[in-house]
Amino acid sequence: MELNQDVVADVRKRLRRAQGQVGGLIQMMDDGRDCRDVITQLAAVSRALDRAGFRLIVSGLEQCLADGSEQGAADREELEKLFMTLA
C-alpha cells in the first residue's frame, strides 16, 4: 500500500515538531527543570507521536475501504493490528 503524499507531508511535519519537542525535553532535563514541567512536555511528545501514527493508519484504512478488493481486506487486517499497537 502506498501512502498519499499529502498524508506523508502531514506526518513528516508532525514528526519534525515532535523531534523539536524531544530536544526541548532533553534541554529541560539538562537545566534541572521541575519534574512536573518535564512530564507535561513528555506527555505532549507522546500525544504528537500517537497522532502521527494514527494519521498513517487512517489513511491506510481509507485506501483499503475504497479499494474493496481481497488485498484491501488483508491490508485492513494488518492496519487493525498496527492500530492496536498504538492503542
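In this chain, numbering begins with 1 at the start of the sequence shown.
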Query raised in the report: So which pairs with a foot in residues 4-29 pass ring pair (Phe, Tyr, Trp, His ring centres under 6.0 Å), sequence neighbours left out?
Result: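 The answer is none; no pair qualifies.
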Requested in this report: Could you list all the ring pair (Phe, Tyr, Trp, His ring centres under 6.0 Å) pairs where at least one residue sits in residues 12-36, not counting sequence neighbours?
Outcome: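 For residues 12-36: none.
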Query raised in the report: Mind checking what makes salt bridge (charged side-chain N to carboxylate O under 4.0 Å, His left out) contact with R16, not counting sequence neighbours?
Result: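 Applying salt bridge (charged side-chain N to carboxylate O under 4.0 Å, His left out) to R16 gives none.
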Requested in this report: Kindly write out the residues that satisfy salt bridge (charged side-chain N to carboxylate O under 4.0 Å, His left out) with D6, not counting sequence neighbours, or none if the list is empty.
Outcome: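 Listed in chain order: nothing, the list is empty.
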Query raised in the report: Are the side chains of R12 and V8 in touch, meaning some heavy atoms are under 4.5 Å apart?
Result: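 In short, these two side chains touch, coming nearer than 4.5 Å.
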Requested in this report: Output all residues satisfying side-chain hydrogen bond (donor to acceptor under 3.5 Å, both in side chains) with D31, sequence neighbours left out; order by chain, then residue number.
Outcome: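 Per chain and number, D31 pairs via side-chain hydrogen bond (donor to acceptor under 3.5 Å, both in side chains) with Q27.
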Requested in this report: Name all residues meeting the side-chain hydrogen bond (donor to acceptor under 3.5 Å, both in side chains) criterion together with D30; count only those two or more places apart in sequence or in a different chain, and write none if there are none.
Outcome: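 With neighbours one apart ignored, the set is empty.
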**Report entry** Spatial distance of atom CG (D37) from atom CE (M29) [nearest 0.5 Å]
**Finding:**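 If we round to the nearest 0.5 Å, D37:CG and M29:CE are 12.5 Å apart.
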Query - Co-membership, hydrophobic cluster, residues I26 and M28, 4.5 Å side-chain - result: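 Yes; tracing contacts between hydrophobic side chains, which count when under 4.5 Å, links both residues.
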Query raised in the report: For the hydrophobic clusters of this structure (ILVMFWY residues joined by side-chain heavy atoms under 4.5 Å, transitively), does one cluster hold both V58 and L15?
Result: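 V58 and L15: separate clusters.
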Expected list for residues 43-55: side-chain donor-acceptor pairs under 3.5 angstrom, two or more places apart:
{"unit_1": "R55", "atom_1": "NE", "unit_2": "D10", "atom_2": "OD2", "d": "3.3"}

